[in-house]
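Every heavy atom of this structure was used, including side-chain atoms; hydrogens, water molecules and symmetry mates were not. Note on naming: letters A, B, ... go to the chains in the order of the sequence lines (proteins, then strands), and numbering restarts at 1 for each one.
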Protein chains: 2
Amino acid sequence: MSKSVNHTKASIVKAAISLFAVQGFGSTSIREIADTASVNSALVSYHFKNKQGILEWMMIDYFEKLFAKLQPVGQGEKEKKGSCFQQLIASLDTLIGYQAENMEVSAIILRELSVDSMLVREVMSTYMARLKAHFANLLETGIERGEFDRDLDVEMQLIHMMGGMFFPYSNPQIMRELFYVEPMSPEYRQRYISFLSKVWGYKLKNEEI
Amino acid sequence: MSKSVNHTKASIVKAAISLFAVQGFGSTSIREIADTASVNSALVSYHFKNKQGILEWMMIDYFEKLFAKLQPVGQGEKEKKGSCFQQLIASLDTLIGYQAENMEVSAIILRELSVDSMLVREVMSTYMARLKAHFANLLETGIERGEFDRDLDVEMQLIHMMGGMFFPYSNPQIMRELFYVEPMSPEYRQRYISFLSKVWGYKLKNEEI
DNA sequence: GTCTATATTATGATAGAC
DNA sequence: GTCTATCATAATATAGAC
């Protein structure tokens, strides 16, 4: 509720991020986080109730900030903002840029979204659903306007689109050790976006798909 | 070393799979696994040395069986097995089918590959590298033969291809709760493969990409 | 908000009998 | 291969002083 930037709270989050990222949520203890943050371990309980509370805070903060960046492109103002394709690419760019700027949290969230918990279900039914709706909306509007192919399998496109966007940030290690690219670098972001823009521009607008 | 199918060992693995899948490796204790498997907890240490030993066994078993299925398509016999494109689709189908048949382990492995450990580094430098080589080989051979576009960004194609193949099995929850599809079902596998075959057939063979 | 102290339970791992 | 018993340590969480 408070907007005050509490240093202790912030340093706990920061420490948690770096630990969760390298060894996973479940393998990280509250004590470890507190030690890394150089704060008393009791303060974790005070600020976040428990370990899951940190993850929850992290996820909410991550998605709220993401949607603050995505908002300007979609919903309501569609008419003024150029073609759906342009908007789609802009949204892809925003999401990829955001993930690149928040590599560790992105990887943590994508990893933890594959476990089963009440928190995950909530994030899934709110934020992830909203994210899906954002892109689905762009695709569907594009189809209505005849900008994209009308018998597009929207769901499959979305699935494949999400896979393409999330994978590099879900498994940065694979990117680094297998492909020798650094998904955090602006160069990669640009390379990736220009690739995607070709891929989707090509696919969405042409026959046979 | 022994080929004998030890029931205890097998039931430990089975229990570990179901627990790792829903709550993650780090959040699962040896006792929990033993209880679920209805075996004495000391037997986990006996058979696998420790918890990581189970994960290691799981990963090796998974990849060895996968490559046993992928082998017949690639390497050496390329000449006889039809076009590179056909082989590519066949490999995609094999991989997707294998993941569908081993949903839980697939999800566990993809999740755990995003943490940093010696085991992960080993799996990455052996199996994942081999998997990448398998598909890179198909793409490159296809280019050499003029079957695919010659100025293809092979690395980017591979990255995007892997994203497309892994995402649904890395985050089955997203598939179920957001897209209402069951990635384990044969129907989905077929739908997905036919989609991918169109996508890649289109992209790899045409100009502008 | 921060700290000390502590209670309680969980966890990994092993020794040694069967 | 399997079991019982055990231990040392680690983990969560809270009460109460400052």
Salt bridge (charged side-chain N to carboxylate O under 4.0 Å, His left out) filter on A:Glu104, not counting sequence neighbours, yields none
Checking [X] now: which residues fulfil side chain to side chain donor-acceptor pair (under 3.5 Å) with it, not counting sequence neighbours?
| X | value |
| --- | --- |
| B:Asn50 | none |
| B:Tyr62 | B:Ser106 |
| A:Glu144 | none |
| A:Tyr127 | A:Glu64 |

Could you list all N or O pairs between the protein and nucleotides 2-7 of chain D that sit under 3.5 Å apart?
unit_1 : atom_1 : unit_2  : atom_2 : d
D:dT2  : OP1    : B:Thr8  : OG1    : 2.5
D:dT2  : OP2    : B:Thr8  : OG1    : 3.3
D:dT2  : OP2    : B:His47 : NE2    : 2.9
D:dT4  : OP2    : B:Asn40 : ND2    : 3.2

So ring pair (Phe, Tyr, Trp, His ring centres under 6.0 Å) across residues 9-31 of chain A, not counting sequence neighbours, yields A:Phe20-A:Phe25
Electrostatic pair A:Lys69-A:Glu101, nearest N-O below 4.0 angstrom
yes
Could you pull out all donor-acceptor pairs under 3.5 Å where a side-chain atom in residues 160-171 of chain A meets a protein atom, sequence neighbours excluded?
unit_1   : atom_1 : unit_2   : atom_2 : d
A:Tyr169 : OH     : A:Pro183 : O      : 3.2
A:Asn171 : ND2    : B:Leu110 : O      : 3.4

Residues of residues 17-30 of chain A with a heavy atom under 4.0 Å from any atom of DNA chain D, listed by number, are A:Ser29, A:Ile30
Value in whole Å for how far the [atom2] atom of [N] lies from [atom1] of [X]:
| X | N | atom1 | atom2 | value |
| --- | --- | --- | --- | --- |
| B:Ile54 | C:dA13 | CD1 | P | 10 Å |
| A:Ile33 | D:dA11 | CD1 | P | 11 Å |
| A:Asn50 | D:dA11 | CG | C1' | 13 Å |
| B:Gln52 | C:dT11 | CD | P | 18 Å |

